*Asks:* 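My questions all concern the structure below.
In the text below, chain A, chain B and the rest are named by the order of the sequence lines, each starting its count at 1. Predicted, not measured: the structure shown is a model, and the values here were computed from it.
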There are 4 protein chains.
Amino acid sequence: MSAPAPRSLPPRVGVWLIGARGSVATTVVAGCAGLTAGLHPPTGLVTETPAFADSGLPALSSLVFGGHDTLDCPLPKRAEQLAAGGVLPPGLPSAVAAELAAADREIRPGGPLPGDIRDEEQLITAFATDLRDFVRRNGLARVVVVNVASTEPAPTGPALPPSSLYAAAALRAGCPYVNFTPSAGLHHPALTTSAASSGLPHAGRDGKTGQTLLRSVLGPMFAQRALTVRAWSGTNLLGGGDGAALADPAAAAAKNAGKERVLADTLGATPEGQVHIDDVPALGDWKTAWDHIAFDGFLGTRMILQTIWQGCDSALAAPLVLDLARLLARAHELGLSGPRPELAFFFKDPVGDAPASLAEQYAELQRFARRLSGGAEG
Amino acid sequence: MSAPAPRSLPPRVGVWLIGARGSVATTVVAGCAGLTAGLHPPTGLVTETPAFADSGLPALSSLVFGGHDTLDCPLPKRAEQLAAGGVLPPGLPSAVAAELAAADREIRPGGPLPGDIRDEEQLITAFATDLRDFVRRNGLARVVVVNVASTEPAPTGPALPPSSLYAAAALRAGCPYVNFTPSAGLHHPALTTSAASSGLPHAGRDGKTGQTLLRSVLGPMFAQRALTVRAWSGTNLLGGGDGAALADPAAAAAKNAGKERVLADTLGATPEGQVHIDDVPALGDWKTAWDHIAFDGFLGTRMILQTIWQGCDSALAAPLVLDLARLLARAHELGLSGPRPELAFFFKDPVGDAPASLAEQYAELQRFARRLSGGAEG
Amino acid sequence: MSAPAPRSLPPRVGVWLIGARGSVATTVVAGCAGLTAGLHPPTGLVTETPAFADSGLPALSSLVFGGHDTLDCPLPKRAEQLAAGGVLPPGLPSAVAAELAAADREIRPGGPLPGDIRDEEQLITAFATDLRDFVRRNGLARVVVVNVASTEPAPTGPALPPSSLYAAAALRAGCPYVNFTPSAGLHHPALTTSAASSGLPHAGRDGKTGQTLLRSVLGPMFAQRALTVRAWSGTNLLGGGDGAALADPAAAAAKNAGKERVLADTLGATPEGQVHIDDVPALGDWKTAWDHIAFDGFLGTRMILQTIWQGCDSALAAPLVLDLARLLARAHELGLSGPRPELAFFFKDPVGDAPASLAEQYAELQRFARRLSGGAEG
Amino acid sequence: MSAPAPRSLPPRVGVWLIGARGSVATTVVAGCAGLTAGLHPPTGLVTETPAFADSGLPALSSLVFGGHDTLDCPLPKRAEQLAAGGVLPPGLPSAVAAELAAADREIRPGGPLPGDIRDEEQLITAFATDLRDFVRRNGLARVVVVNVASTEPAPTGPALPPSSLYAAAALRAGCPYVNFTPSAGLHHPALTTSAASSGLPHAGRDGKTGQTLLRSVLGPMFAQRALTVRAWSGTNLLGGGDGAALADPAAAAAKNAGKERVLADTLGATPEGQVHIDDVPALGDWKTAWDHIAFDGFLGTRMILQTIWQGCDSALAAPLVLDLARLLARAHELGLSGPRPELAFFFKDPVGDAPASLAEQYAELQRFARRLSGGAEG
């Protein structure tokens, strides 16, 4: 007979990562541990800014990590690889080795793997069982499921893609769900009804970490100044797993749709121009996005803006994953349900009815932060 | 005995340009005529967007142009020069030759010129007389004075610089005043009292047409995402008269102060980095601004954003001059007075207490547009 | 009985342009006339530099233009369109209207047009007859045929593509031939034998006017410094007809092969990275090429060079077309035959055995200039 | 009585680094050890390419390092700092700890330090004694002195700056001398006679590691294509000690003179445009150079090339230092003396009469490589 947990301890909250051995997930786990240990300031973490101080979010130190993955490489080793590539600070993997090992123990095999004979229902059941076991084993108040796996090709037939199997399992286990990728996830038509009736909050799709982040502030600038954008062209060079996944045109199509929507929405018209996503393994986890914007000024004078964004994908994504897990955990605690367009700030292709301008998205997020602090409503 | 003006004609509004033979002023006059004639869409003109449809602004066709300048070159010839340099559309100068000639007839000699024996008081009186004559001659409801002259060095002694002499004349003649440059203008301490007691609305300083426009949307983006900007460096290459004026370090200092303020205000700290303004006559009226922003992401990962803005200075400035003249004319009609921080959207270094983020400035401008439509208040 | 031409007049040389109504051809004709009239300095014309002063090249004033095209728009009108788009100087089309009209009279219909019932042999015969008529009508010493038509898709079957029909006609009419495009032209296997036995000099393929020009100087720089290029990625934005033609992946494939060869040849290995060619009509005749080069320095330190090239395609190509026509005319006069690798300086994908580094190509070109002056050899 | 060195051992060659505890020197020592141990390929080392295989250069494993510095920080610790900043590979400092410690033991105090009462003659004597002791202690065949210290302000009076004191000491001790910085060094007028009579080979000034390297290939490209460069503007952002040193306008002036000479020499005229060197400590040892080149094409069409070079200063400089030490050691062995313009390939502002184009410099270097293999001449 185990003793009840003492009252003074805050409830622990689970973060279940689909793609738990990937670069983003590894950075999430190592980074959260590093921040909790005071090794780094919370740069990039929106929920650690003053606007969220009274929102009742779970503390970083209360987060417990687990997840699904189809790969085997242990998390501490993945962290060492990332440090060698300059993605994680050199000393961090050893400094947080215990936390990495703890999260590693909570990773369960994903699927379906080649040769897997389980049908969709069996897979969903298995994944949901993994989630319930995670809760029980760790005495968690709740678990937020976050998809950070490689981008899937857009689904073509009635079969549920893996991302949707995991999303269905989240619903079944009563877990809030975040889709940080452009994969189908909870957006699959077969899940619409159960998502709506689940009473669970969810958010997505596709974290806004580079080119689209810029577009969501530059698009409104052109519109507000009544400048006519004639063509907006872009090329992305990606080295990590995402680069390889998006070299598949079907996968890239899903991503580009989100990138182009922000332009149409903020400019009021779709300009000329294409978006390329190139797989350049030599860049490792680093990505470069070049944008070339041809616009007309007064009397049709032709002008050009170009932007070059050089960032580390995992370092851009990881703090947003922590932000979203905390925000959705708190939303769940307060009984909020359904798609949360208040989190459009974080996504290329937000759920629900949300503005496309980053400034307006940020204003909505701040209102949401205040609402979370109130604790009222359902 | 002249007949009274028929009731149906809208009142005509004067726009008095300090630096009336410069590139910006010439583009303002030629462009307004071209738009009125339906030769070009109103690209770049914020006040022609739907948000201002009910604000009661004077129509473009009701604007009458005049101004001061110390140079002699006739406006039609200046327009031909600008067309040869690609700043104005090839056919525009001949298409609006009559309007250019009309404005040319309303330009009066500025000052003080070398050898001028008039003292400050005499110059102010002369300039104010020019303004009153302009009103009378054209039967104008009001005149907005806009400084678009080359940037002056920051004043060092008690003597009023030319820009402040013109500003004092505007006050004396009862004209709203816009300072589109970083020169002292109405900001000179000797004018503080008379500006405050004049009951006139005024706005400034230094039109936001390129690098600072970008900074006012990118700065907030970094702040909202909790990314730490370590260094923000910039180089501007300018070919026209402004390039030569700003090659004077004293003049550049005034301009750079405004550029850096927007960073400090939006980022909450002043990053490392310098701003250079180079005179490159080969570029003509075109300018290029390169910005290099070194920022830290999650766990201190170092990332970089670079922007390259290639624009035509006059084409960027001219529509804003028309916007400001119309807005301040309407504000004056409604009895609004004093500095108008609602117009911060247009300036590098806005008067009064204004936000530094372009999105917030735009929201304030939209509120102002609604207030102008109401017609109430003072 | 016609009188013999007076001895003092230099022989006139024909330049027959395939794609004679295109932007490049129009710029060639208008530009040559403008230079001859002393309206512009010979910027961009390599053969007007001192190295070629004694090479015995035909004077610009001795060139007579004609060509084939499947379109109808008169050359003077095409020139006006180019001037409106900023490709030609505003006053040039009217200043050289007579020369444009004269060239326009020498343009014959190209083919095959849709519905054309002529077979390959008939088309070649017709084109060769046009060439011979051009010589006779103008009393020309010789004619150089230059292909500046839009890029064709790579040929798939045994049928000769149009570019090869024109090339075959050049052989039959005894004309030196330049392929300024990546189309097949004289490279078609069916023409190999007749090209070899023709005794005519020829040169190609694909004028080096932007991204590849840069690559041919940057590639050797990395190699000479022993820096390891890991990935070389590029995106081209093209607005004119070439943009539309190259949006066809089959046509782009031909072009990209040349672009990549220069890297493999100068670096000694093929780096990672793709090349994109986007059709962006808003850019008109202007093109932008962005290159991103990831390279390793000492101890594997990762570094990056990026280049952005913004040029006007026709203005870059036209002087090289004049250079090549003059050089090949002189080579023909001296009895040189076969592929001329000495002209690799001008091409992405040079014929024969030529170095890939621009500096070495330039050294070869200078040697060729001296050889042409000598007048010896066959 | 010590035994004679066994015949089979190659003679050992000393490399004496002025600024021996700086980033460049530390990278030189650590890198040479890493290469010798087979830990890294010789990327960036020109003398390890096949062209130098038969030149009789001293092997990397035969180099012995020492030097002067006014700072105290031990070399192994400096290497750890560089590895933390991403300049050296993470594991290298510990892997070559013994070699770093050995070089550290060969570093002697530089000068003059504040309060130093020695006069110029005494300082030169002391430094020369350090050099002779280094030779004796290590049984060296010869020592090449290489100045890699921070850039000095241009000397104003008759007093010898420190860099010239060290250079005088090299002459006195009979050591070949390389000036890798823009400081005066052997260029001081007071040293002209003794340099000429010394019979020693020397090379300099100012290693060509970034912006000027690019300029030396791009300048010739424009010239060869007869394109008219109107303006060439540049901004350098430097974080390391060099950034701080060059923030001093007097020091920057020396550096910029070299940068601009390459343009004047390769273009045949000095274009408009300035060069800025900004100290941006946030960039650490990384540097970014932006160049903006406005050029005219055919008929005066305006075009633009921009380049952005992002490199690690020490990683760019270190292999060239090794190259120069080896080349000058071999030249000394063969009895070559005086300034060596054959090494212009390595310098912004080469000694003697050297071409400015990198391609021509490389051709000269290859000829020199062959000459060194011959072993003849003096």
Side-chain angles (χ1 to χ4, degrees), chain B residues 84-87 211 227-240 243-244 246-247 249 252 256 267 269-297 299-312, chain D residues 84-87 211 227-240 243-244 246-247 249 252 256 267 269-297 299-312:
Chain B
V87 179
Q211 193 174 52
L227 299 165
T228 304
V229 172
R230 303 274 306 270
W232 198 312
S233 308
T235 294
N236 294 271
L237 311 180
L238 304 180
L246 294 167
N256 286 345
L267 298 175
T270 301
E272 292 177 9
Q274 296 175 247
V275 173
H276 303 287
I277 303 181
D278 288 10
D279 181 30
V280 184
L283 295 183
D285 204 53
W286 290 78
K287 70 176 176 188
T288 295
W290 170 67
D291 262 22
H292 178 281
I293 308 150
F295 64 98
D296 278 0
L299 307 174
T301 310
R302 296 190 173 188
M303 315 196 198
I304 290 170
L305 171 65
Q306 295 176 80
T307 62
I308 300 173
W309 172 269
Q310 295 170 301
C312 173
Chain D
V87 179
Q211 192 174 52
L227 300 166
T228 305
V229 172
R230 304 270 308 269
W232 199 312
S233 308
T235 295
N236 294 272
L237 311 180
L238 304 179
L246 293 166
N256 286 344
L267 299 175
T270 302
E272 293 177 7
Q274 297 175 247
V275 173
H276 303 286
I277 303 181
D278 289 9
D279 180 30
V280 185
L283 296 182
D285 204 53
W286 291 78
K287 70 177 175 186
T288 295
W290 171 68
D291 261 22
H292 178 280
I293 308 150
F295 64 99
D296 278 359
L299 307 174
T301 310
R302 296 188 174 190
M303 315 196 198
I304 290 169
L305 171 65
Q306 295 175 80
T307 62
I308 300 173
W309 173 270
Q310 296 170 301
C312 173

*Asks:* Please classify the contact between D:L283 and chain B as side chain, backbone, both or neither, with a heavy-atom cut-off of under 4.5 Å.
*Replies:* both
*Asks:* Search all heavy atoms of B:V280 against all heavy atoms of D:E272 and return the closest pair with its distance.
*Replies:* C-OE1, 3.4 Å
*Asks:* Where is the tightest heavy-atom contact between D:Q274 and B:D279, given as atom of each residue plus distance?
*Replies:* OE1-N, 4.1 Å
*Asks:* Could you tell me whether the side chain of B:H292 reaches within less than 4.5 Å of the side chain of D:T235, counting heavy atoms only?
*Replies:* no
*Asks:* Are the side chains of D:H276 and B:D278 in touch, meaning some heavy atoms are under 4.5 Å apart?
*Replies:* yes
*Asks:* In terms of heavy-atom pairs under 4.5 Å with chain B, which of D:P271, D:A294, D:S233 leads?
*Replies:* D:S233
*Asks:* Roughly how far apart are D:D291 CG and B:W290 CH2, rounded to 0.5 Å?
*Replies:* 9.5 Å
*Asks:* Could you report the tightest heavy-atom contact between B:G284 and D:R302, atom names first, then the distance?
*Replies:* N-NH1, 4.0 Å
*Asks:* Mind checking the CD-CD spacing from D:Q306 to B:Q306? Nearest 0.5 Å is all I need.
*Replies:* 10.0 Å
